[in-house]
Amino acid sequence: MKEGQHDQHIKKYGMVIDLDKCTGCGACMVACMQENNIPFQKDETDKMLSITWLRVFKLDNGKPYPDTDICYLPRPCMHCSGIGEHGHSPCVSVCPATATDYSMETGIVSQIYTRCFGCRYCMAACPYHVRHFNWWDPVWPSGMERSLNPNVSVRMRGVVEKCNFCFQRYQIAKEKAFTEGRTEIEEHEYQPACVEACPANAITFGDLLNPKHKVYKLKQDPRAFRLLEKLHTNPKVYYLSSREWVREAGDNYIENEKVDVEPKKH
Amino acid sequence: MDSELIPEGVQRCSLGKFLLWIGVVSVVLLWGVYGMILCWAKGLNQTNMNNAFGFALWIWADLAVIALGGGAFFTGFLRYIVGKKELKNIINYAVLIGFICYSSALLILAIDIGQPLRGWFIFWHANVHSMLTEVAFCLSCYFGVLTIEYLPLILENRQIDKIPFFHNLSHNMHEVMAVFAATGAFLSFFHQGSLGGVAGVLYGRPFGFREGVLIWPWTFFLFTWSAAACGPCFTILITKITEKVVGKKLVKDNVVELLAKISGWMLLTYITAKIIDTLYWAYVTAPKMGFTLDQFYTNNPGSAYGYWILIMEVIVGGVIPALILVTRKGRQTPLLLWIAVILACVGVSLNRWVMVLQVLAVPVLTFENWFTYFPSWQEIATTILPVAYGTILISLSYRYLPIFPQESELNPPPEELLSEAETVQKEAIEQDMASQDLTPAESAG
Amino acid sequence: MFPFSFEWTWDMSHYVFHGGLWYALSIIGLGMTYCIGKSAYDTITGKGGHHEDH
Amino acid sequence: MSASQEKAKEVSAKASDGGAGIVFIFFIVGLVVSLLVGWVLFPKVLYCQKEQPFDFNHALHNEMVLDGCQSCHFFRNDGTYSGAPKLNQCIECHTDVQGITKDEEIFVNEYVRNNREVPWLVYSRQPDCVFFSHAAHVLAGEMQCKTCHGHIGNSTSLPVYEYNIITGYSRNIWGHNISGIKKNTWDRMKMDDCAECHRENNVKQYSVQTKKGPCFVCHK
Amino acid sequence: MKLSRRCFLSFGIGAAAGITLSPLPWKLTDDISIWTQMWPWTPVPPDGAYTYENTVCTLCPGGCGITVRKVDERAVQIAGMEEHPVNKGGTCILGNSGLQLLYGPFRVEAPMKRTGERGEGRWKRISWKEALSEVSSKLNQIRASGNPHQVAAVSGSKEGTVARLINRFMTVYGSPNFMTEPSIQDSYEAMLYLMQGATGSAGFDFENADYILSFGSGIIEGWGAPVRMFLANSNWRTKGTVVQVDSRLSNTAAKMDRWISIEPGTEAALAMGISHVIIKENLYNKGFIKEASEGFDQYKKLVLDAYSPARVSDVAGIDPSVIEEVARAFAASKHPIAICGRGKGDVPGNIHEFMAVHALNALVGNINSKGGVWTLPKNEYIRWPHPIMDKVASLGMQQERVDGAGSKDYPYVQSLLNRFPKKINEGSAYPIEALLVYNSNPLYSMPDTKAVQAAFDKIPFIVSFSSYMDETAKNADLILPNHTYLERYEDVPTPNGLQYPILSLAKPVVKPQLNTMHTGDVIIKLAKCMGNSISGAFGWKDYKGCLKQTLGSRWNQLYKKVYDVDSGFAPNKWVFETPSGKFEFVSSLVKNADENNIGIPHYYPTALEGDEKKYPLIMVPYGSMKRATGYVGSTPFMLKAVSDETLVKNDVLVQINPKTAQNLGLSQGESATLTTPVGEAQVKVNFNEGIRPGMIATPTGLGHTGYDEYMGNGKGVNANQVIGTVEDPLTGLNMAWGIRAKLTRS
């Protein structure tokens, strides 16, 4: 960004997901699908072909019965701000046709479907597997296209798509604010579909830079961790877990490495 | 029938046999074309790629043919820039192989992308920070250069050469070929490198990531270097195969030996750099990201990505051929030369395989498992398509173009065939030859 | 690729990248133009060259 | 000397004895024909015309309303823009044929009586991949309607609706000038026109990739 | 012609120059570029005015308030209704994907009459008039023969005006055979009746409870009102302790504070063991026991004699110290609650287990008090005048119910649907000539589907009111499709497990999309078709009129706000309606309560179906929020969310401990045959360390055969195909939590 353009309206939207509360029920996944016009096939059991912008993973501690433990981990796009928070997330800088972009205003990584020509380099770049390719033409069983959301365009075959923190809701909230003579929106006015749907209130969303937003405090929770911090991708999705093995599962550690997942002291 | 088109002073098999041969290869070609059309019409669901393997067989094939086609730019570089005169006897063939490799790569890319009709966005809306943009630009420019280098050869066809304009054109193009070759070498250096950078810059992929102090992927240089080292090996290999098929010597030993020697030293230095890179990666880069070398090579399904692949790539496909080629005895012993060039080609292909497939197969999230992938027949067919296409193009070029300047010298024709103007007589002889029971080697020639 | 495409910015990475690209394209383009032009001229003037130098 | 060289000689001989004039004429003919094709025929083939359901007099209505364009093309409470008026807005006045025009007769008889929405063809309809916020431009940016839509509000009849046979877009997106040259801000509605205005008005340029407006501000 | 060649060349150059200088190539490039970005076959959803309408979701008895987002007339999204006290803005996965049930092609488009063989799927569209006359003439014919009791009805629920209209219709028609889908609510009701004399349902003041002892209840897997339970659980993460007793690592077991793994089916023993410790260590609420309980001494003796931690430990397979620890913590908590009813709660269960668990609540006196278990009165808002019955009806109503519910053998329950197929197949009761099915899909959701199918085959006339072509509708003779829940009015009574009465009103948010009719209207119309003796009981013009009249003054509030909480409700602390007026540890309502302790909480091992030698493993079905198991099937979106550890292509994966699998010589992902005394299924093996060795867990909610492929037709196996029923000796309700099984390589 050029000198002089810096302003206090810069936001960094992010998410804090409380894994202690998450029950793995999948409501977030479906809310996301409904909001974002995600197509479906007759067979969706191959998860590597299935488009789920938000996928709930099941983690286990690998111990035998009855010491086994499992934990669910919902994984939206991490909206990495990249090394040094410069916005060069792993996927953005690799896109040859500038179809994916990082906005310094919101910290959201966007995907422009009409610009994407489907080279899938971004998918190779993303270690979280948040990017999905449209292997098929999107076809709805007769009549079902009636529930499509007009705020999100339907993606054609052959392009990559991913979670965008329901950016359309940000736009809608902005429009409302303009009507009311405001230029900024309130925390509650912009919440992604998954956050809204979560029946356990496990997901919190807001501006990570704004001390008034709930996520600001939550990200400093001693239980907080992010996925693959060692790669310096700088994700904007934080997870909370009171279980050490879960926090440990957030990153790769080599043997005998001192694992720093102890709850931090306040 | 087509004797008017065949270069002067060389012998070729009968048209019937030739057409039969082309016909057989065309069947394979059509199979590939069918797979290609399926992919275009029905979409990439025809492949076994998935969201974990966004890059798969095709991208490997691309990287591999480009590496193997590296013989063109490096031989060109040696011939026109360094000034190794002897190499003019193999440069034509190197160019042809390069042309085939690069056109195949572009074709595969056109199938591989999800929206082929929008493929040109990579140029129009270029993101200059992407390695792939660099690849696309240099690849297509260099393909242009290769076409320019191949064009004079076509113009030298006996009939085309008769047209004064084309005759002059080919002459003039030869005159400035050094400029083209230099540009080609420059482009090639960058796109071979940026292909290396494709995996090297992926800082979310610990297996491929290789950025160093210069904030530049080391794989950039390793790829350029390996292509320069192994490309000529592939040129030698294809030349040797062609010689075996047609049953004639086409290039003098000293030419091949020179190329082999340079290749050997390139390979030796490359593999040294590669070993240093591997060690640094194993002991410094990967552990920083929480990985050990062991994690990269063990516990994968069916050991498809086991340590064997590292040994095959570095020792068997790198050290051994390098050592054979740098020793005079090694490159002068036909069998050893054969082994060395084959191993070098296998080594570089394996390297590309690893840098495409294994990069993606290694689970990065701790709660994911190794990803597995096996190509669908459509992918295999479209990958074999370039082989068939290349075979046809080589056959046509060999038959009708003066590819090998030393051919007539190495294979002096029988006296009675020298009266080239007498076409009727020649046809008669050809028919005569066809009616005789020729050995396969003769008939192929 | 062109300064009028939306993505174009006047910065160092674009200078370097597109500089290289246009340099290569110019050489290819000018080289071919020269060859074709010269061949046309040679053809008209009847000054055909010979291939003995390669 | 080969046959082709002989031929070349013949040709050059012909060229030198006065054929150049005819050749030049052919060049001019080719040039003129293709210019005509490109400038005249091509736009005719490229754009098809569609009739609006019936004609509409903006000027007449504009005189009768209090709040200008926004009287009918209003913002909803949630900030979304209503676009072309719906039947229930019109029937406040048009329950019966009031005027003497044939168009009003069509409107009342075919649409009001049958409670059918009028299938207006929207001149400025952007494609599905575009997100455009009227609120951001008119309310927050305080822009005038005519900056983008021109003087349609003063027109007494609707212009012919033309659409591109390849893209299906309304002709107003590219603009009526086939060469894409525009004189007024409302002559074209392409992405570059949006970008140009954004740049001129210093709209925040937060994109990491392009150093311009992030793509998804306008694309969905 | 040499000249023309040159001229042609010249012409060509001129033309090329002209074209380049014209807008043609540049414009065409741009247009083609746009064309490749806007494929006409990619749907473009039309935009419009956004509106939001509140209603109540009736896809399960959870009773969540929902807000439907509409774009003009299209519903495009369902979100939780922020203000609704049950779900406070949350939705479950099924509720969230409800629009797929509205717009899906698997809906029944119009009244349908079967033309082919049953289940063949060949139908003829008929008019509503024809449909009604078809049903009424058939029913009149049966009635005329003097056998009105030979008509039966199955309803998804017994609550709500539509179910009550059907019940009323049956009554004036003359059939006692109104049956409802069973659930743990039946067991809870029977238990409350036996121990507290109450005729009402159980509510749990979870919001104020601080220690939850759950005996296998799937707190976060659909038990009770699912979304409300999720919210409660989220609060407990900071303000409470939940201990889950479970024989496998269920989601609940994994997510709660503590998981106690026990031998399957020994929950009652553990409850009794905890009782033992509480009583022995004098930790119980003396006030409650003294003032408000009856039969404590007898219970105490039983507990102390037979359920020492050491003995319970042998039975349940846990350490005695765990029992003591839990007992002490439970008793020491301010508001502890013990709950039971396994998994999602769709199988009623063993009444003595319910009693044993509820005895714990009594021991700590946490009944009808803050943070405890409350008794809610029956929904009383439906106050219709008693119908006048003619002679035929009266005679019919005097017949014993075909399922035996309410008879002297099973006096504590109102419906025993699990006994229905058995009685028909045995032929021991009178035959059933016609069956009406509303909001229920017995051919899919009842255990032992083969037996249910056999029973249905014996019924000559089946009418389904289903909105969807589900398994039962597919096997019906006539389908009179109901509006879907987003197209109709409906009253929604208090959801399962809520501790205060709440009434909600579902309103149509979209116009009926197809030629369907509200079942309430169908019943009223049908009654009117059938003559005075029946139509007299249905004085309403239509269903909406009926509902408006029934809700009376509450209608306006409900119409505006969707829900209406009965704020005046408070539980009667320690007041009981038993003959003794006290909480009865030994139920005086059970004859010979001492005989085999039949009226006292106690443990006995469940006699699972199957021979242990032939079937060495125990198979338990397990539910998940991700798979709908009730009347409606899982939506395409839900199937998309189903894990690949459950379903791979069309194969269901059964969960098995790796050790057990290795003993059987089975490897991960291998195909196997699951055999139980009831049936056989082709499955695949999934290693799961969360499964107790010796057990197999089979996912429920898969293997549909109605609907269509997007709704999971042919995907996996319906777990009900391989599980049977076990009758509870006291209530007659099904208490089978598992079945013996074997798994062999196939």
Side-chain angles (χ1 to χ4, degrees), chain A residues 46-51 57-60 73 75 80 82-83 88-99 114-129 131-137 156-160 227-228 230-233 248-255 257, chain B residues 42-47 49-55 59 109 112-136 198-199 201-206 208-209 286-292 294-295 356 359-360 363-368 371 373:
Chain A
D46 186 341
K47 298 303 170 195
M48 279 298 125
L49 289 174
S50 176
I51 300 176
F57 281 89
K58 186 175 139 190
L59 281 59
D60 69 79
L73 184 138
R75 182 239 44 204
C80 306
I83 298 170
H88 296 290
S89 57
C91 54
V92 165
S93 48
V94 301
C95 175
T98 334
T114 44
R115 177 59 58 81
C116 172
F117 63 84
C119 76
R120 306 185 292 286
Y121 192 12
C122 54
M123 290 167 67
C126 175
Y128 305 102
H129 291 126
R131 288 178 164 270
H132 300 83
F133 186 72
N134 281 273
W135 300 100
W136 285 269
D137 272 313
M156 66 211 78
R157 177 180 98 194
V159 300
V160 173
L227 293 179
L228 306 174
K230 284 182 171 184
L231 301 185
H232 303 292
T233 50
E248 225 178 284
D251 214 333
N252 293 285
Y253 298 95
I254 53 173
E255 224 179 321
E257 185 179 348
Chain B
K42 294 190 173 180
L44 293 180
N45 52 60
Q46 297 293 303
T47 71
M49 284 192 276
N50 59 33
N51 294 333
F53 282 100
F55 287 175
I59 297 291
L109 281 178
D112 184 70
I113 58 177
Q115 286 286 336
L117 294 178
R118 301 217 291 263
W120 55 281
F121 283 14
I122 201 169
F123 303 103
W124 199 270
H125 303 291
N127 168 21
V128 297
H129 304 287
S130 172
M131 283 290 170
L132 217 55
T133 313
E134 202 172 319
V135 170
V198 164
V201 295
L202 301 180
Y203 67 93
R205 294 287 181 183
F209 184 58
K288 263 196 233 159
M289 302 168 128
F291 282 85
T292 57
D294 221 36
Q295 262 168 290
V356 173
V359 166
L360 301 176
V364 185
L365 287 170
T366 57
F367 41 87
E368 284 189 310
F371 296 95
Y373 154 82

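Below, read A as the first sequence line, B as the second, and so on, with proteins coming before strands; counting in each chain starts at 1.
The residue among A/Ser93, A/Cys122, A/Ala124, A/Cys126 with the most heavy atom pairs within less than 4.5 Å of chain B is A/Ala124. Among the candidates B/Thr133, B/Thr292, B/Ile113, the residue making the largest number of heavy-atom pairs closer than 4.5 Å to chain A is B/Ile113. Interface remark: of the candidates A/Arg157, A/Lys230, A/His88, A/Met156, A/Arg157 forms the most heavy-atom pairs closer than 4.5 Å to chain B. Among A/Asp46, A/Thr114, A/Val159, the residue making the largest number of heavy-atom pairs under 4.5 Å with chain B is A/Thr114. With chain A as partner, the option from B/His129, B/Met131, B/Glu368 having the largest number of non-hydrogen pairs under 4.5 angstrom is B/Glu368. Ranked by heavy-atom pairs under 4.5 Å with chain A, the first of B/Pro287, B/Ser130, B/Ala199, B/Pro116 is B/Ser130.
Of the two parts of A/Phe57, only the side chain, counted from C-beta on, holds a non-hydrogen atom closer than 4.5 Å to a non-hydrogen atom of chain B. For A/Leu73, the part sitting under 4.5 Å from any heavy atom of chain B is the side chain, from C-beta outward, and nothing else. Contact of A/Val92 with chain B is made through the backbone alone, with heavy-atom distances under 4.5 Å. Contacts of A/Arg115 with chain B are made by both backbone and side-chain atoms, with heavy-atom separations under 4.5 Å. Interface remark: B/Val128 contributes no atoms to any contact with chain A (heavy atom separation under 4.5 Å). Residue contact with chain A, scored on non-hydrogen atoms closer than 4.5 Å, is absent for B/Glu134. Contacts between B/Leu360 and chain A at a heavy-atom distance below 4.5 Å involve the side chain alone, from C-beta outward. Contacts of B/Gln295 with chain A are made by side-chain atoms alone, with heavy-atom separations under 4.5 Å and no backbone atom involved. With a 4.5 angstrom heavy-atom cutoff, B/Pro206 touches chain A only via side-chain atoms.
Shown here for B/Tyr203 and A/Ile83, the closest heavy-atom pair between the two residues is OH-N, 3.7 Å. Closest approach of A/Ala125 to B/Leu202, counting heavy atoms only: CB-CD2, 3.5 Å. When all heavy atoms of A/Pro127 and B/Gly204 are compared, the closest pair comes out as CB-O, 3.0 Å. Closest approach of A/Ser50 to B/Asn51, counting heavy atoms only: O-ND2, 3.6 Å. B/Leu132 and A/Cys119 make their closest contact through CD2-SG, 3.6 Å (heavy atoms, listed as atom of the first residue, atom of the second, distance). Of all the heavy atoms in B/Met49 and A/Leu49, the pair that sits closest is O-CD2, 3.5 Å.
Counting only heavy atoms from C-beta outward, the side chains of B/Asp294 and A/Glu255 never approach each other to under 4.5 Å. In this structure the side chain of A/Tyr121 never reaches within 4.5 angstrom of the side chain of B/Ile59, judged on heavy atoms. No side-chain heavy atom of A/Asn252 sits less than 4.5 Å from a side-chain heavy atom of B/Met289.
A donor atom on one side chain and an acceptor atom on the other are not found under 3.5 Å apart for B/Asn50 and A/Trp135.
The aromatic ring centres of B/Phe121 and A/Phe117 sit 6.0 Å or more apart. Less than 6.0 angstrom separates the ring centroid of A/His129 from the ring centroid of B/Phe371.
Rounding to the nearest 0.5 angstrom, the gap separating the CZ atom in B/Phe291 from the CG atom in A/Leu231 is 7.0 Å. The distance from the OG1 atom of B/Thr366 to the CG atom of A/Leu228 is 7.5 Å, given to the nearest 0.5 Å.
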